[in-house]
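Just so you know, ligand 1 is whichever comes first in the structure, and atom 1 is the first atom listed for that ligand.
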Amino acid sequence: MSTSPIQNQLTELQQEAVQAITTTDNLDNLEQFRIKYLGKKGQLSQILRGMGKLSPEERPQVGALANEVKEAIQGKLDNQKAALEKTQIETQIKAETLDVTMPGVSRPLGKVHPLNGVVDRVLDIFVGLGYTVATGPQVESDYYNFEALNTPADHPARDMQDTFYLPGGNLLRTHTSSVQIRYMENNEPPIRIIAPGRVYRRDTVDATHSAVFNQLELLAVDKGLKFTDLKGTIKEFLQRMFGDELPVQFRTSYFPFTEPSAEVDVQWKGKWLEVMGCGMVDPNVLKAVGYDPEVYSGFAAGFGVERFAMVLHQIDDIRRLYNSDLRFLTQF
Ligand code: 2NL
């Protein structure tokens, strides 16, 4: 029995399709091949359209062959599809694998700067004693920085508090006392406030001086406050800061805004060190903010945060606090 042209066409189609399918490496192309060979308008359908011309004897044979060809191609398509899907999943799994043993991106833990550490501790102590934290502008008028603090333009104490002057008569504050003047103007006694902040002086920079530094000032105004209240508050504060048994001494001194005034020393590592200044608020300051000095009295104290940090941590040069050198900063 000789093979008809249609049978040759069918075997050729099978060969071509199997070859094309097994060399396909992507699922989209595979679907294109399915349409091309087995689709409604595909090559198999086209060949079978010629079956009408066949003799009744040939028809079943060709029909059987057509089925074989169709199944062979479909089988190849299914196999190749399964194989391609498997490799696709495998590459995906490989790409998405999470290596739980891989070291993470390391972020070194930050630390509190020694200056902020001192401020935090001081504020904690005074808030615990009932004080409120007050802040204010760094650019001040001559009035709030000097006049209201019993320091008129011709006062000799201005020499030590020379500062940076701005066009229009304003200046960079030399202490946070100006914050306290503003607070007293807006609040009636009794008051207990602590004012932290950056202050400025016309100072030549050296190991213990900086033209920009940080200050903390506290102020209490009430009926009947006496020097013993000031002493008790300061002593309590310093012992909480430096240690319970710390020897503290008050030495007489002078500030334009307090009378009497004192410097406070602590005995630290075998030496007496000056750490702060204080005094009873001068009646002229109370008058300037509209408080009656016959009714109210107050005490105040102030200190430099840098100086405190240097004493506490035995730092030899104030500039180390501003250089952001991690070899230095990570020690605290
Ligand atoms: C120091 C000394 C001091 C004050 C600050 C003050 C504030 C008002 C009224 C009266 Cl509103 N006094 N402040 C008093 C005495 C000393 O600071 O050595 N500072 C770095």
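- Ligand-side atoms of ligand 1 in range of Ser177: 7 (C), 11 (Cl), 13 (N), range being under 4.0 angstrom from any heavy atom.
- The closest non-hydrogen atom to atom 14 (C) of ligand 1, taken over Tyr183, Phe257, Phe255, comes from Phe257.
- Checked for salt-bridge contact, Arg320 and Asp325 miss the test: no charged N lies under 4.0 Å from a carboxylate O.
- If you number the atoms of ligand 1 from 1 as listed, the ones under 4.0 Å from a heavy atom of Thr258 come out as 10 (C), 12 (N), 14 (C), 15 (C).
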*asked:* Applying side-chain contact (heavy atoms from CB on, under 4.5 Å) to Leu273 and Arg307, what does each step give before you reach the verdict?
replied: CA-CA 10 Å; Leu273 297 172; Arg307 167 123 187 100; 4.1 Å; yes
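- With ligand atoms numbered from 1 in the order given, ligand 1 contributes 11 (Cl) to contacts under 4.0 Å with heavy atoms of Met184.
- No part of Ser261 comes within 4.0 Å of ligand 1, judged by heavy-atom distances.
- Contact atoms of ligand 1 toward Gln180: 7 (C), 8 (C), 11 (Cl) (distance under 4.0 Å to a heavy atom of the residue).
- Tyr200 and Gln138 share a donor-acceptor pair across their side chains, judged by distance under 3.5 Å alone.
- Residue Gln215 has at least one heavy-atom neighbour below 4.0 Å for each of these atoms of ligand 1: 19 (N), 20 (C).
- Some N or O of Glu217 is nearer than 3.5 Å to an N or O of ligand 1, by distance alone.
- At a cut-off of 3.5 Å, with distance as the only test, a side-chain donor of Asn214 or Glu306 sits close to an acceptor on the other residue.
- A side-chain donor from one of His209 and Asp206 sits under 3.5 Å from a side-chain acceptor of the other.
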